[in-house]
Amino acid sequence: MDGVEGKSDGGGVQEEASSGTKSGVTRAARSLELVLRVVGMGFSLVAAVMVGVDKETEVVALTVVDTLPPLHVSLTAKWYYMSAFVYFVVANAIACFYAAASLVALSIMPTKKTTQNGLTLALLILDLVMVALLFSANGAAVAVGLIGLHGNSHTNWKKVCNVFKTFCRYMTAGFAMSMMGSFVFLWLVLLGTLSLHKKSS
């Protein structure tokens with residue numbers, strides 16, 4: 001009887017240890033998710049602000065007639081002159097707001113397992129939407145940015161980054177921030193998928 005009782009106690013200890021390990025892994029995964037959401041929010045916020053405040057004014061020499069001296073005209077480059085840049089700023093602002101809202105939702109989430117699973121699935125779907133939104137906005141903005149950097153000889157579009165150097169530099173930094181934010185949200189999608197897979201198995 002003593003031997004049987006000893007085995008029973010050992011099994012209980014093992015189950016307790018296993019439960020403690022799972023709990024520790026769950027807490028670590030949740031902490032990682034919270035950190036990623038904060039980082040994603042930061043990248044999206046910085047990208048939206050950098051492009052949203054980007055503006056540069058330069059005096060450009062325009063030749064109207066070859067026989068006349070060039071006219072010096074003051075021109076200003078602003079982000080809202082191009083619809084692709086407007087889309088970029090709006091997409092990053094949405095991603096930033098969503099990341100903040102998801103952090104609030106996770107902090108007040110009930111401890112019931114069914115509620116947790118439902119919220120995890122909802123956040124997974126919304127994270128995937130953010131990934132699609134950010135990558136599409138980045139692609140549109142970068143396409144226009146490359147035209148500004150190199151021009152397009154086929155359509156006779158002139159490059160402008162040789163004139164508005166600071167404007168293009170800030171745009172490039174904003175694109176880089178947004179791309180990093182996109183990959184953070186992609187990581188959240190992978191983390192959420194793995195979490196749901198573990199819960200279902």
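The basis for the numbers below is simple: all heavy atoms, side chains too, and nothing from hydrogens, waters or symmetry mates. None of these values were measured; they are calculated from a predicted model.
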So, D54 and R169, do they make that salt bridge, N to O below 4.0 Å?
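No.
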Closer than 3.5 angstrom, by distance alone: can the side chain of S178 be matched with the main-chain N or O of G174 as a donor-acceptor pair?
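No, the answer is negative, given that no donor and acceptor are paired below the 3.5 Å cut-off.
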Separation between [atom1] of [X] and [atom2] of [Y], rounded to the nearest 0.5 Å:
| X | Y | atom1 | atom2 | result |
| --- | --- | --- | --- | --- |
| L128 | L190 | CG | CG | 10.0 Å |
| N152 | K158 | CG | NZ | 11.0 Å |
| E33 | L188 | CD | CG | 6.0 Å |
| T172 | F167 | OG1 | CZ | 10.0 Å |
| M130 | N92 | CE | CG | 10.5 Å |
| W187 | L36 | CH2 | CG | 5.5 Å |

Side chain proximity check, [X] to [Y], heavy atoms < 4.5 angstrom:
| X | Y | answer |
| --- | --- | --- |
| Y98 | L123 | yes |
| Y170 | V53 | no |
| D127 | V131 | no |
| L119 | L106 | yes |
| L149 | K159 | no |
| W79 | M171 | yes |

So that I know where these two stand, are F88 and F175 an aromatic pair - ring centroids less than 6.0 Å apart?
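Between F175 and F88, which both carry aromatic rings, the centre distance is below 6.0 Å.
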Would you name the heavy atoms of [X] and [Y] that are closest together and state the gap between them?
| X | Y | value |
| --- | --- | --- |
| L134 | A91 | CD2-O, 4.0 Å |
| T120 | S195 | CG2-OG, 4.3 Å |
| S74 | T57 | OG-CG2, 3.2 Å |
| Y87 | A140 | CD2-CB, 4.4 Å |
| A100 | M41 | CB-SD, 3.6 Å |
| T76 | Y81 | O-CE1, 3.2 Å |

Identify whether [X] and [Y] are in the same connected component of the hydrophobic contact network (ILVMFWY, side-chain heavy atoms under 4.5 Å).
| X | Y | answer |
| --- | --- | --- |
| V160 | I147 | no |
| L45 | L133 | no |
| V39 | M177 | yes |
| V51 | F97 | no |
| V189 | M180 | yes |

Has F135 got more than 12 heavy atoms of other residues, nucleotides or ligands less than 6.0 Å from its CZ?
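Atom CZ in F135 is packed in, count exceeds 12.
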Quick one: do Y80 and V89 satisfy side-chain contact (heavy atoms from CB on, under 4.5 Å)? Show the steps, please.
CA-CA 9 Å; Y80 53 82; V89 172; over 6 Å; no
Derivation and outcome, side-chain contact (heavy atoms from CB on, under 4.5 Å), residues L126 and S102:
CA-CA 9 Å; L126 290 173; S102 64; over 6 Å; no
